[in-house]
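Here's a structure for you.
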Amino acid sequence: MFGLELWQIGLAVAVTLGAGFVKGAVGFAMPMIMISAFGSFLPKETALALLILPTLVTNIAQAFRQGWRAAWDSVVANRRHIAMVVIFLAISAQFVTLIPQAAMNVLLGAPILAFALWQLAGRSLAIRIEHRARVEIVLGIIGGLYGGISGVWGPPLIVYLLSIGAGKQETVRVQGVVFLIGAAVLTLAHLGSGVLNADTLPLSAMMALPASLGLWAGFRMHDHLDAVRFRRWTLVLLALTGANLLRLGLAR
């Protein structure tokens, strides 16, 4: 079916269901889980194509779960970070062939892993209110610069939200809003690149269903997590993200 064996499609559905659940529970890590798992049994371009529409659909649901007004309020409240991500992502994307992605993965993964482990060890790293705007801008610039080179722009946002003590509902919603912008750009880019084509587009659309089912189940888990457990699991996944970036960088 669409150039894949039935077992490959079945395994992809299972991976997507689990990745959707994680995203619903803590707000991120779905593309990381999918691309890491898909790469072991799917061709590279097919693996990328299969995560595009599920990412777009689940980010829409995540961003607008509390309604469009709450989503808009999140855009306004985090406008500096969003603007910096968009601007510097566009700038750094022009230099993607000049800067080694492996080095960027290591430079992003190391501080992300260190931050997560520091927080998990019970150490505090809160941003003082008078420095919040500057830190928001700086982390937005970092996210944009890394995003254009490596396609990863979420971790600096998560570090910022954890550092200002954002509530779990706000944390997930803001991630959804920012990730939705990137997912929309990604979808349009790969409709043009040919990664999404007559074979992969139906498969990617098919994966949106298990992703949505997993997301719904993850939302249920999210609603029952208290703030302390939510923060702990977010830090655990952030540490795994940093470690995975380090692994990818060092492997190259």
Side-chain angles (χ1 to χ4, degrees), residues 9-40 47-48 50-68 70-71 73-75 78 112 116 119-120 151-162 165-184 186-187 203-245:
I9 295 174
L11 189 52
V13 167
V15 168
T16 304
L17 184 68
F21 176 81
V22 172
K23 182 172 178 60
V26 297
F28 70 105
M30 189 178 85
M32 180 187 72
I33 293 170
M34 291 174 71
I35 199 66
S36 297
F38 286 173
S40 64
L48 176 59
L50 262 61
L51 69 81
I52 291 175
L53 291 186
T55 300
L56 179 65
V57 169
T58 53
N59 278 316
I60 291 172
Q62 182 174 324
F64 294 99
R65 190 184 183 202
Q66 287 85 38
W68 71 268
D73 288 344
S74 293
V75 171
N78 298 276
I112 292 298
Q119 296 275 290
L120 284 168
V152 177
W153 63 88
L157 170 65
I158 300 164
V159 168
Y160 171 72
L161 293 171
L162 289 169
K168 66 171 188 170
Q169 198 174 78
E170 180 187 0
T171 296
V172 171
R173 183 174 61 249
V174 172
Q175 289 178 59
V177 168
V178 176
F179 296 162
L180 174 58
I181 295 169
L186 190 69
T187 302
L203 278 170
S204 190
M206 184 190 303
M207 292 302 117
L209 178 57
S212 298
L213 290 173
L215 186 77
W216 175 82
F219 280 160
R220 298 287 297 272
M221 172 66 77
H222 170 84
D223 292 341
H224 289 90
L225 280 174
D226 60 42
V228 173
R229 284 189 296 168
F230 171 77
R231 182 180 178 85
R232 184 183 304 119
W233 282 113
T234 299
L235 285 167
V236 168
L237 277 174
L238 190 62
L240 290 173
T241 300
N244 187 56
L245 288 169

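In this chain, residues are counted from 1 in sequence order.
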Just by modelled atom types, is the L225 backbone N or O under 3.5 Å from a matching donor or acceptor in the K168 side chain?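 Flag set: sc K168 to bb L225 pair under 3.5 Å.
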ask   = Taking side chain as C-beta onward, heavy atoms only, is M207 less than 4.5 Å from L51?
value =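 Counting from C-beta outward, M207 and L51 never come under 4.5 Å.
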Quiz item: Mind checking whether T16 and F38 have side chains closer than 4.5 Å, heavy atoms only?
Solution: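 Result yes, sub-4.5 Å side-chain heavy-atom pair found.
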T187 OG1 to L180 CG distance, which is reported to the nearest 0.5 Å: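 One gets 9.0 Å once the value is rounded to the nearest 0.5 Å.
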request  = Output all residues satisfying side chain to side chain contact (heavy atoms under 4.5 Å, CB included) with V22, sequence neighbours left out; order by chain, then residue number.
outcome  =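 Here the qualifying residues are V26, A29, I33, L237.
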Is the shortest heavy-atom distance from the side chain of F230 to the side chain of T171 under 4.5 Å?
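They are in side-chain contact.
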request  = Take R220 and D223, measure what salt bridge (Lys or Arg N to Asp or Glu O under 4.0 Å) needs, and give me the verdict at the end.
outcome  = CA-CA 5 Å; R220 298 287 297 272; D223 292 341; 5.8 Å; no
Report task. Using the side chain to side chain donor-acceptor pair (under 3.5 Å) rule, collect all pairs that involve residues 51-61, keeping only residues at least two apart or in two chains. Result ->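 Found K23-N59.
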**Q.** Close side-chain approach of V75 to V174, heavy-atom, < 4.5 Å
**A.**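 Not in contact.
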Checklist entry - Does any non-hydrogen side-chain atom of M206 lie less than 4.5 Å from one of L203? => result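 Sidechains of M206 and L203: in contact.
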**Q.** Listed partners of S74 passing side chain to side chain donor-acceptor pair (under 3.5 Å), at least two apart
**A.**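 Listed in chain order: R173.
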**Asked** Does any non-hydrogen side-chain atom of H222 lie less than 4.5 Å from one of R65?
**Response**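 Yes - at least one pair of side-chain heavy atoms lies under 4.5 Å apart.
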Run the side-chain contact (heavy atoms from CB on, under 4.5 Å) check on N78 and V177 step by step: do they pass?
CA-CA 10 Å; N78 298 276; V177 168; over 6 Å; no
Original post:
Which value, rounded to the nearest 0.5 Å, describes the distance between L238 atom CG and L120 atom CG?
Top reply: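 So the gap between those two atoms works out to 9.0 Å.
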| Are the side chains of T241 and F28 in touch, meaning some heavy atoms are under 4.5 Å apart? |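 Yes - at least one pair of side-chain heavy atoms lies under 4.5 Å apart.
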